[in-house]
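In what follows, a structure is listed as structure tokens, so that the remarks can point back to it.
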Amino acid sequence: MKWVLAVLGLPIVAIAAPSPDTLGKSQLTVSDWQYIAQKVTSGDQVWLNTVPVLAPKVNREQADLLEDALATALPINTKGVLSILRVLDAGSYPEIRGTDIVCVRKIVNPGKAAEAYYSETRLALLGDSDGAKCLWNLEGIWEEVKRDNK
């Protein structure tokens, strides 16, 4: 019975996931970065908007995570991701890149996943008047990948 009282007497520690509002106020853990990347991957505009806020502070590993998340979100929320890429392209960030990397990241390794991503993303970019630069990069790298794998 004493152990029950001891357990009940322990303070309860709440582990809270970061929110877009709290990102700049605390040190982010590895699991926080995974959580953020997962949210960005979903294409949720609120989370996409956090990328430029985080961009000046990221290391290479965190930048890779965010770039991959943006690439995954590109066919899901094309307009939203393109707006973030314009911000990244206009900025000067030590690690994170914009259009030149994000738009081609998922197709550099050939295979069925790359083909599916290319097709889906190409259609999404064709339907968005702001997607020309991204589409140009996607098409160019896709042609190189196809040529190199013949």
Does CG in N149 sit with more than 12 non-hydrogen atoms of other residues, nucleotides or ligands closer than 6.0 Å? yes
Take atom CD in E61; do more than 12 heavy atoms of anything else shown fall under 6.0 Å from it? no
Roughly how far, to the nearest 0.5 Å, is the [atom2] atom of [Y] from the [atom1] atom of [X]?
X    : Y    : atom1 : atom2 : value
S129 : L82  : OG    : CG    : 9.5 Å
R86  : K133 : CZ    : NZ    : 11.0 Å
L123 : D128 : CG    : CG    : 13.0 Å
Q38  : W33  : CD    : CH2   : 15.0 Å
C103 : L135 : SG    : CG    : 9.0 Å
N137 : L85  : CG    : CG    : 10.0 Å

Between K146 and I141, does a side-chain contact (heavy atoms from CB on, under 4.5 Å) hold up when you go through it step by step? CA-CA 9 Å; K146 286 189 334 185; I141 296 299; over 6 Å; no
May I ask you to decide if [Y]'s main-chain N or O and [X]'s side chain share a donor-acceptor pair within less than 3.5 Å?
X    : Y    : result
T50  : W47  : yes
T121 : Y118 : no
D89  : T99  : yes
Y117 : K112 : no
N49  : Q45  : yes
Q62  : N59  : yes

Least distance between heavy atoms, [X] atom then [Y] atom:
X    : Y    : value
I107 : V145 : O-CG2, 3.5 Å
P56  : P94  : O-CG, 4.2 Å
E95  : E67  : O-OE2, 3.9 Å
L88  : R97  : CD1-O, 3.7 Å
C134 : L74  : SG-CD2, 3.6 Å

Can you list the steps and then say if L48 with L70 is a side-chain contact (heavy atoms from CB on, under 4.5 Å)? CA-CA 8 Å; L48 291 174; L70 287 169; 3.7 Å; yes
Flag yes if I101 and V58 sit in one hydrophobic cluster, no otherwise; membership is Ile, Leu, Val, Met, Phe, Trp, Tyr, and two members link when side-chain heavy atoms are under 4.5 Å apart. no
Between D68 and T72, is the side-chain contact (heavy atoms from CB on, under 4.5 Å) condition met? List the steps. CA-CA 6 Å; D68 193 62; T72 302; 4.2 Å; yes
Report the C-alpha separation of W142 and E115 in whole Å, then their side-chain angles, then the decisive distance to 0.1 Å, and conclude whether the side-chain contact (heavy atoms from CB on, under 4.5 Å) test is met. CA-CA 9 Å; W142 183 247; E115 289 176 33; 3.5 Å; yes
If you define the side chain from C-beta out and look only at heavy atoms, does anything of L125 sit under 4.5 Å from D130? no
